[in-house]
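Data first, discussion second: the structure below is written as structure tokens.
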Amino acid sequence: MKKRTLLGLMAGLPVSGVLTACGGDNSGSAKVRLVNASPGYSALDLYIDDNLKVSNVAYGAASGYVSVDKGTFDTALSVNGSTTQLVTTSRTYDTDTTYSIVAYGWNGSLKSVIVSEDQDDADSGSMYFRVLNTSTDAGTVDVYLTAEDDDLEAATAVASSVGGGKSTSFGTVDSGTYRLRITAEGDTSTVLLDVSDVTVSSKGVYTLIVTPTIGGVLVNALLMQQKGDVTALNTTMARVRLVCAMPSGARVAASVGDTTLTSGNASPAVIGYTQVDVSAGTLTIQASVNGVATPSTTWAATAGSDVTVLVSGASAADATPVVITDDNRLPTSSTKYKMRLMHASQALASDSLTLTVDLTDIVSNQAYRSASSYISRSYNSSSTVTVSSLNAGQIFSLTEQSLVAQGVYDVIILDKSVAGSDGMLQTYYLSNIRA
């Protein structure tokens with residue numbers, strides 16, 4: 001493979017208005033297509049000046065081009081078959097110019113950006129390449145195009161520090177076949193997408209659209225060729241976290257498919273996320289407690305998801321792994337955080353729990369071996385967080401707790417390995433996974 005070159009890819013340009021390129025002349029009409037980069041909507045329609053121009057564009061796909069008169073028109077998106085406008089933006093269309101309208105964002109927060117597709121061809125043996133990051137959940141990313149076996153630590157990003165809702169300008173990269181990897185900014189060990197055999201043609205012009213996944217941390221991508229195909233580049237990975245919640249400090253070992261989560265960890269413990277290849281679809285979760293195997297559990301895995309495997313029970317013979325779906329997407333409001341309660345205390349197995357923040361119950365009647373849905377609240381730099389049960393009363397209380405905007409919090413109630421000096425058998429885990 002030729003050594004790639006980079007000429008001026010820059011981050012920091014907001015995804016708004018028109019991502020510009022070289023324009024056409026002053027005659028004729030414009031050509032417009034819709035690209036659905038929104039995982040929140042399975043199919044979208046495009047209206048221009050209240051006229052249906054494009055219909056039923058599936059997520060990850062692009063429509064054909066339609067003609068639009070020169071001028072400024074209201075441009076709206078709706079769910080396929082519905083006349084209710086989800087987002088409406090005034091757009092200006094120039095004569096003899098080609099555009100892609102890229103729809104992105106989750107259900108309830110749909111956005112769009114118009115991309116001009118009249119960049120001159122690259123030189124022979126090269127291609128023009130830019131990045132459009134629509135995955136605000138994943139945050140700022142770096143993008144690498146490398147040979148299959150290249151070490152990322154020694155590689156140079158073709159685009160770096162591309163924030164959510166930002167785009168780069170065009171840079172020049174050698175054409176060829178690459179391994180695409182997207183990482184967290186400045187962290188080559190945190191790979192958010194890894195796809196092999198990505199081919200870009202000589203003289204081509206490409207926009208890589210980074211899109212979010214259901215879990216909120218991993219990403220997918222769409223490779224959009226100017227006036228050409230849109231190719232989905234999807235992750236085959238999911239992230240799995242382990243909660244060891246056995247009494248008396250029992251040791252838990254667990255694996256998902258061929259991936260080991262832990263070879264043996266004393267309870268109570270919360271073991272961070274491990275990436276697992278879920279391309280096989282349904283995977284088997286194996287666990288043991290103090291060397292005694294638990295019944296295996298099957299998991300119908302979804303690529304891009306985050307899940308927690310909770311191993312709990314009164315004894316090794318009673319232990320059961322339970323899969324709990326996590327939602328680590330950012331709150332849709334920039335001033336709010338999300339929080340949920342997970343009940344993993346065997347000592348309170350017959351009792352339900354209540355989570356209170358600043359004297360308001362936000363979760364009630366949470367049963368053992370389960371987690372609540374996420375509740376969104378306005379951030380507060382000094383909150384009081386308590387968990388209680390009907391029979392045991394208050395289990396713990398935190399005062400002057402900072403609950404930050406855009407935080408995603410888990411409150412997990414576990415048993416201590418032995419009773420503490422206060423006689424309590426419970427401990428807690430409070431974390432912001434977005435910190």
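Count residues from 1 along the sequence.
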Would you say R181 and T146 are linked by a side-chain donor-acceptor pair, where the criterion is simply a distance under 3.5 Å?
yes
Is it true that a side-chain atom of N80 and a backbone atom of L44 form a donor plus acceptor pair closer than 3.5 Å?
no
Using the side-chain hydrogen bond (donor to acceptor under 3.5 Å, both in side chains) rule, take D326 and Y273 through it: C-alpha gap first, then chi angles, then the decisive distance, then the call.
CA-CA 11 Å; D326 302 337; Y273 288 99; 2.7 Å; yes
Counterpart residues, ring pair (Phe, Tyr, Trp, His ring centres under 6.0 Å), relative to Y429 (two or more places apart)
none
Side chains of R130 and T168: donor-acceptor distance under 3.5 Å anywhere?
no
With no hydrogens and no angle check, is any side-chain donor or acceptor of Q406 less than 3.5 Å from a backbone partner on P331?
yes
Given 3.5 Å as the limit, does a donor-acceptor pair link the side chain of T427 with the main chain of L414, or not?
no
Is there a donor in the side chain of R33 and an acceptor in the side chain of S100, or the other way round, less than 3.5 Å apart?
yes
Looking only at atom types and distance, does a side-chain atom of D45 sit under 3.5 Å from a main-chain N or O of G81, one as donor and one as acceptor?
yes
The complete set of side-chain hydrogen bond (donor to acceptor under 3.5 Å, both in side chains) pairs with one or both residues in residues 237-255, sequence neighbours excluded, reads R239-D306, R241-T308, R241-D410
Side chain S38, main chain Y104, donor-acceptor under 3.5 Å
no
Going by ring pair (Phe, Tyr, Trp, His ring centres under 6.0 Å), name the pairs with one or both residues in residues 287-310, residues two or more places apart or in two chains.
none
Could you note down all residue pairs passing ring pair (Phe, Tyr, Trp, His ring centres under 6.0 Å) where residues 310-358 supplies at least one of them, sequence neighbours left out?
Y337-Y409, H343-Y368
T211 meets the side-chain hydrogen bond (donor to acceptor under 3.5 Å, both in side chains) criterion, sequence neighbours left out, with Y59
Kindly say whether P247 contributes a backbone atom to a donor-acceptor pair with the side chain of K416 at under 3.5 angstrom?
no
If you apply the rule side-chain contact (heavy atoms from CB on, under 4.5 Å), what do you find for T190 with T183, and how did you get there?
CA-CA 6 Å; T190 303; T183 73; 5.7 Å; no
Looking just at side-chain N and O atoms, do S201 and Y206 make a donor-acceptor pair shorter than 3.5 Å?
yes
Taking D361 for its side chain and V363 for its backbone only, find out whether a donor-acceptor pair lies under 3.5 Å.
no
Are Q401 and S383 linked by a side-chain donor-acceptor pair shorter than 3.5 Å?
no
Which pair of non-hydrogen atoms, one from V278 and one from A238, has the smallest distance, and what is that distance?
CG1-CB, 3.8 Å
Who are the side-chain hydrogen bond (donor to acceptor under 3.5 Å, both in side chains) partners of N432, not counting sequence neighbours?
none
Just by distance, do the side chain of D187 and the backbone of S189 share a donor-acceptor pair under 3.5 Å?
yes
Sole candidate of D150, D194, D151 that passes salt bridge (Lys or Arg N to Asp or Glu O under 4.0 Å) when paired with R179
D194
Could you tell me whether K203 and D174 have a side-chain N and a carboxylate O separated by less than 4.0 Å?
no
Between D415 (side chain only) and Q346 (backbone N and O only), is there a donor and an acceptor less than 3.5 Å apart?
yes
Nearest 0.5 Å please: distance from the OG atom of S345 over to the CD1 atom of I395.
6.5 Å
Going by distance alone, is a donor N or O of one side chain under 3.5 Å from an acceptor N or O of the other, for N391 and S389?
no
Once rounded to the nearest 0.5 Å, what's the spacing between atom CG of L348 and atom CG of L390?
11.0 Å
Look only at the side chain of N290 and the backbone of A250, and say whether a donor-acceptor pair between them is shorter than 3.5 Å.
no
Would you check if there is a donor-acceptor pair between the side chains of T360 and R377 at a distance under 3.5 Å?
no
With no hydrogens and no angle check, do the side chains of N133 and S135 hold a donor and an acceptor under 3.5 Å apart?
no
E185 side chain to S160 side chain, donor-acceptor N/O pair below 3.5 angstrom
no
Looking only at side chains, do S402 and S381 share a donor and an acceptor under 3.5 Å apart?
no
CG/L86: more than 12 non-hydrogen atoms of other groups inside 6.0 Å:
yes
